[in-house]
There are 2 protein chains.
Amino acid sequence: MLINITSFNNANNLISSTHQQLWSELLQVLQSSPLFLKPSAQANIQGNAIFDPIATNYFLSTRFIQNGWRAAYPIPRQFSSFGKDIDFIKNGTLLEVQFSNYPFLVNNVSRAEVLFRSQTIVNNNQTADLMIFITKAGCLPSSNSTLYYEQAIDQLDSLVQHGLLTIPILVVGLYETPAQTQAYWTVYNGGVSSRTILNQGMQSVQITQRPSGKLNIIV
Amino acid sequence: MLINITSFNNANNLISSTHQQLWSELLQVLQSSPLFLKPSAQANIQGNAIFDPIATNYFLSTRFIQNGWRAAYPIPRQFSSFGKDIDFIKNGTLLEVQFSNYPFLVNNVSRAEVLFRSQTIVNNNQTADLMIFITKAGCLPSSNSTLYYEQAIDQLDSLVQHGLLTIPILVVGLYETPAQTQAYWTVYNGGVSSRTILNQGMQSVQITQRPSGKLNIIV
DNA sequence: GCTTTTAGATCTAGCT
DNA sequence: TCAGCTAGATCTAAAA
């Protein structure tokens with residue numbers, strides 16, 4: 001997929017210096033990810049193609065682990081109220097991939113901020129020094145209320161500006177542009193949230209853009 | 001219902017002085033609320049009684065409005081990235097009732113904090129000076145991953161301690177204790193999230209407590 | 001009526 | 001296997 005990035009609190013300085021290797025590997029994974037789609041079950045748009053978080057997460061997770069990221073890293077005991085684990089970690093870099101509902105953005109970054117301010121040791125005897133946050137762009141058709149890149153940017157802007165967030169954060173937005181292209185189309189059985197694949201395959205898709213900027217995807 | 005409260009950033013000073021009237025009215029509403037239950041549709045616990053956020057929200061909302069709270073108060077334009085509206089507002093007091101999934105806690109309080117720090121004018125030419133946050137206790141059977149009082153307290157504790165939150169916040173937790181008592185049992189039709197009442201009525205319920213502290217409610 | 005968006009409801013997945 | 005919990009998926013409701 002294509003990507004856009006926005007840096008907060010000088011995250012860009014880190015990815016072009018000390019964290020350059022980590023970033024270039026990550027970039028490679030993201031850019032090599034196909035577009036994964038699934039049929040929506042939402043009333044009035046039944047069957048329409050929407051972004052498939054399950055297949056996308058599976059693809060990314062597999063590669064991140066191959067690249068040495070630790071998945072589901074346990075949150076230190078003293079901060080257990082913030083949850084069980086962080087999606088991925090490598091040394092002091094926290095990586096979250098978020099396609100769920102929008103409040104998870106502030107939830108995820110706030111707990112990262114607490115780890116940062118408290119200089120808590122995370123992985124490999126390092127303190128948290130960078131957060132990378134992956135989401136999808138608003139132009140992609142998706143389930144209602146799922147977080148999107150532009151929303152994340154705007155919220156983080158305000159939070160940084162008003163001093164709530166000081167940890168370096170790099171936000172990555174996955175997107176596509178109008179084209180006749182190919183995408184993975186996955187049909188799950190078992191209803192909402194099912195991860196049981198009924199069938200999956202590459203399909204030709206026609207991506208067009210509405211006046212609003214939203215993409216229309218015909219499989 | 002019964003309530004527990006926890007104060008952060010001296011919210012308790014406000015509710016016993018300048019905001020005493022507002023608080024005593026609110027308390028009256030909360031304590032007069034019946035327990036609302038509905039059958040769960042979750043696999044393995046189909047039909048079991050769980051906390052009914054729809055009926056509870058409806059009951060509370062009606063009374064709050066009667067007491068002069070403004071519902072769905074529009075978020076000032078410059079902070080529109082944080083959403084459309086705040087549940088209820090009265091002068092400088094922001095009121096959120098949250099029975100949805102847990103990340104909404106940090107989402108809601110963070111946007112309130114930004115309003116507080118920026119001294120933004122909210123209702124009646126006042127700046128935000130207090131947030132009251134209502135949720136339910138962990139002992140009540142509920143949908144998975146819905147926010148609960150103890151979780152809220154623990155997360156806010158860390159956020160206040162590490163300087164992310166400075167706005168006075170009063171957290172209210174609704175709960176019940178073991179008893180043979182009465183509750184509203186509402187059956188909706190139309191599946192998940194439906195607000196169309198098929199039937200509703202007072203029922204006798206037997207509330208017992210498990211070793212874990214969780215309540216078991218038999219209708 | 002259709003689109004867009006947030007808020008809320010609330011399920012399944014998967015681990016302890 | 002049942003209980004308890006967080007993470008993630010993703011719908012309906014409702015208003016603009």
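Proteins come first, then strands; the chains are lettered A, B, ... in the order of their sequence lines, and each starts at number 1.
Of the side-chain N and O atoms in B/R210, none sit less than 4.0 angstrom from OP1 or OP2 of D/dC2.
Checked by atom type, the side-chain pair A/N216/A/Q209 shows no donor-acceptor distance below 3.5 Å. Inspection of the B/Y184 and B/D52 side chains reveals no N or O donor paired with an N or O acceptor under 3.5 Å. Using modelled atom types and a 3.5 Å distance limit, the side chains of A/N107 and B/N107 yield no donor-acceptor pair. Counted by atom type alone, A/T6 and A/Y149 present one or more donor-acceptor pairs between their side chains at under 3.5 Å.
Listed by residue number, A/P53, A/I54 are the residues of residues 47-54 of chain A with a heavy-atom contact under 4.0 Å to DNA chain D. Of the residues in residues 132-148 of chain A, those placing a heavy atom less than 4.0 Å from an atom of DNA chain C are A/N144, A/S145, A/Y148, in numerical order. Within residues 83-96 of chain A, the residues approaching DNA chain D are A/G83, A/K84, A/D85, A/D87, by heavy-atom distance under 4.0 Å.
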Could you give me the CA-CA distance, side-chain angles and deciding distance for A/H162 and B/F79, then say whether ring-ring contact (aromatic ring centres under 6.0 Å, His included) is met?
CA-CA 12 Å; A/H162 292 280; B/F79 298 116; 5.6 Å; yes
As a quick check of understanding, evaluate side chain to side chain contact (heavy atoms under 4.5 Å, CB included) for B/Q98 and B/L105, giving each step before the final call.
CA-CA 7 Å; B/Q98 200 52 265; B/L105 169 73; 5.9 Å; no
Let's go through B/K38 and B/V187 carefully: what are the C-alpha distance in whole Å and the side-chain angles of both, what is the deciding distance for side chain to side chain contact (heavy atoms under 4.5 Å, CB included) to 0.1 Å, and is it a yes or a no?
CA-CA 6 Å; B/K38 63 171 297 186; B/V187 179; over 6 Å; no
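Atom CD1 of B/I75 is separated from atom P of D/dA16 by 14 Å (rounded to the nearest Å). Rounded to whole Å, the distance from CZ on A/F82 to P on D/dC5 is 18 Å. In this structure, A/L105 places its CG atom 16 Å from C1' of D/dA7, rounding to the nearest Å. We find that CD of A/Q98 is positioned 5 Å from P of D/dG8, with the value rounded to whole Å. If you take CG of B/N101 and C1' of D/dC11, they are 12 Å apart, rounded to a whole angstrom. Rounding to whole angstrom units, CZ of residue B/F104 and P of D/dA7 are separated by 15 Å. As rounded to whole Å, 13 Å separates atom C1' of D/dT6 from atom CD of B/Q42. Nucleotide D/dC2 holds its C1' atom 12 Å from the CD1 atom of B/I45, rounded to whole Å.
In terms of position along DNA chain C, the nucleotide closest to A/S212 lies nearer the 5' end than the nucleotide closest to the other residue of the pair B/R195 and A/S212. In terms of position on DNA chain C, the residue among B/K38 and B/N107 whose nearest nucleotide sits closer to the 5' end is B/N107. Taking the nucleotide of DNA chain D with the nearest heavy atom to each of B/N189 and A/S80, the more 5' of the two is matched to A/S80. Between A/P39 and B/Y102, the residue anchored closer to the 5' end of DNA chain D is B/Y102, taking for each the nucleotide with the nearest heavy atom.
Heavy atoms of B/A41 sit under 4.0 angstrom from primed sugar atoms or phosphate atoms, though from no base atom. Residue contacts for B/Q46: at a heavy-atom cut-off of 4.0 Å it reaches no nucleic acid atom on any strand shown. When heavy atoms are screened at a 4.0 angstrom cut-off, A/A43 is found touching the sugar-phosphate backbone but no base atom. Note on A/N57: only backbone sugar-phosphate atoms sit closer than 4.0 angstrom, heavy atoms only; bases stay farther off.
The shortest side-chain heavy-atom distance between A/T181 and A/I207 falls under the 4.5 Å cut-off. Side-chain contact between B/T135 and B/L174 is absent, with no heavy-atom pair separated by less than 4.5 Å.
When atom types are taken as modelled, the side chain of B/Q155 and the backbone of A/S81 share a donor-acceptor pair closer than 3.5 angstrom. No donor-acceptor pair under 3.5 Å is formed between the side chain of A/S33 and the backbone N or O of A/L30. Between the side chain of A/T146 and the backbone N or O of A/S142 there is no donor-acceptor pair closer than 3.5 Å.
Contacts between chain B and DNA chain C, taken as any atom within less than 4.0 angstrom of a protein heavy atom, begin and end at C/dT5 to C/dA13.
By the side-chain contact (heavy atoms from CB on, under 4.5 Å) test, B/N124 is found to be paired with B/N91, B/Q126, residues two or more places apart in sequence or in another chain being considered.
Contacts classified as ring pair (Phe, Tyr, Trp, His ring centres under 6.0 Å) and involving residues 81-104 of chain B (residues at least two apart or in different chains) are given here: A/Y102-B/F104, A/F104-B/Y102, B/F51-B/F99, B/F64-B/F88.
Using a 4.0 Å cut-off between a side-chain N of Lys or Arg and a carboxylate O of Asp or Glu, A/K136 and A/E176 do not qualify as a salt bridge.
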